[in-house]
Participant: 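Below are the structure tokens for one structure; questions will follow.
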Amino acid sequence: MREVIIPLFSDTHAGNKLGLMNPDVQLPQETETGELVPYTPAMTEMQRHLWGLWMNGVEAARELAHGNEIIPIHNGDATQGTKYQQSWVSTRLSDQIAIADANMQPWLSLENVKTWRYAIGTGAHNGGEGTTEYELAARQQKQYPEKDIQAAYHGLATINGVTIDYAHHGPHPGGRSWLKGNVARYYLRDIMISELTANRLPPKIVVRGHYHTLVIERVQMDDCESWIIILPSFCGLDDHSVQAVRSPDTICNGLVLLETVDGELLNIHERKTVIDIRTKETL
């Protein structure tokens, strides 16, 4: 019997003051005499919250795996990039890569993580043309030569007999609470029809990110069952995010764990928090 746990996470936005940051990361700086010394940036309250949630996810995956293999997929936007600058930890793109690398170490240091995949995220967040994701994969492949670490724009991975279609960009989660999931189901149904028309089996799981919102939907067509998962983020809301998502009252952060056994999807586990981010007062 082969059991594999597949952690799915996205939009960690290293280098954003509201994004994921390992509290032990060390970045370079010069002293007044030109000596190069390491320093650790001060964490924001959001970063403390996110790091606790991140480490809870690592522990949840480790416990669920019971020593069996864990194959994580980071589904894009591992760094903040150079376009949106108002919330930078520092002005160096190399610092973003260093933070992102430190973020992944709790996962990569697990002995039963032998394979890792990055989806290429948004050009505004990776320096263009997948720069930071490719750099992270290359850097970590050198750190862990015994592991298989790669990046791709759009992956189709069969893991323990379960086919996973992963890419960063996909359907909108829905513009109204009573419409949430509709677009995702239409998107998934279209993929399934296209695959069946081409005499191929549809992927069991379709994974997308980008919208920082958790959506999990199922579609049944004839004898085929598929799921679509839009992943939440590991990032708070800066000025750009507030505008892009039209002033939400809550924010969802977390990850999803797929539990597979002998070619079957056994369970989909959510590890998330939903926080009301409005400033509450009585006047």
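Heads up: numbering here begins at 1 and tracks the sequence. Everything numeric here is computed off the predicted structure, so don't read it as measured data.
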Participant: Ring pair (Phe, Tyr, Trp, His ring centres under 6.0 Å) with Tyr84: which residues, sequence neighbours excluded?
Facilitator: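 If we apply the ring pair (Phe, Tyr, Trp, His ring centres under 6.0 Å) test to Tyr84, skipping adjacent residues, the hits are His125, His240.
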Participant: Regarding Asp165 and Lys204, does a basic nitrogen lie under 4.0 Å from an acidic carboxylate oxygen?
Facilitator: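 No.
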Participant: Can a donor-acceptor pair be found, under 3.5 Å and without considering hydrogens, that links the side chain of Gln105 to the backbone of Asp101?
Facilitator: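 Such a contact is found between Gln105 side chain and Asp101 backbone.
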Participant: Restricting to ring pair (Phe, Tyr, Trp, His ring centres under 6.0 Å), what partner residues turn up for His154, sequence neighbours left out?
Facilitator: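 With sequence neighbours excluded, His154 shows a ring pair (Phe, Tyr, Trp, His ring centres under 6.0 Å) to no residue whatsoever.
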Participant: Assess, by modelled atom type and distance only, whether the side chains of Asn16 and Gln80 contain a donor and an acceptor separated by less than 3.5 Å.
Facilitator: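 On atom types as modelled, these side chains qualify, holding a pair under 3.5 Å.
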Participant: In the structure I gave you, are the side-chain heavy atoms of Ile228 and Val215 within less than 4.5 Å of one another anywhere?
Facilitator: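 No - every pair of side-chain heavy atoms lies 4.5 Å or more apart.
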Participant: Using a 6.0 Å cut-off, check whether atom CD of Glu129 has over 12 heavy atoms from anything other than its own residue.
Facilitator: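 For Glu129, atom CD is not crowded (no more than 12 foreign heavy atoms under 6.0 Å).
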Participant: Test your reading of the model: is there a side-chain donor-acceptor pair from Glu30 to the backbone of Val37, 3.5 Å cut-off?
Facilitator: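 No.
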Participant: In terms of the angle between their ring planes, are His210 and His168 parallel, tilted or perpendicular, with boundaries placed at 30° and 60°?
Facilitator: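 Answer is perpendicular, since the angle exceeds 60°.
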Participant: Using modelled atom types and a 3.5 Å cut-off, is there a donor and acceptor pairing between side-chain atoms of Arg117 and backbone atoms of Asn75?
Facilitator: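 Side chain of Arg117 to backbone of Asn75, a donor-acceptor pair under 3.5 Å: no, none is there.
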Participant: Is Asn22 reaching over with its side chain to a backbone N or O of Asp24, donor-acceptor style, under 3.5 angstrom?
Facilitator: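 Side chain of Asn22 to backbone of Asp24, a donor-acceptor pair under 3.5 Å: yes, one is there.
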Participant: Count the heavy atoms belonging to other residues, nucleotides or ligands that lie under 6.0 Å from CG of Leu201, then report whether that count exceeds 12.
Facilitator: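 For Leu201, atom CG is not crowded (no more than 12 foreign heavy atoms under 6.0 Å).
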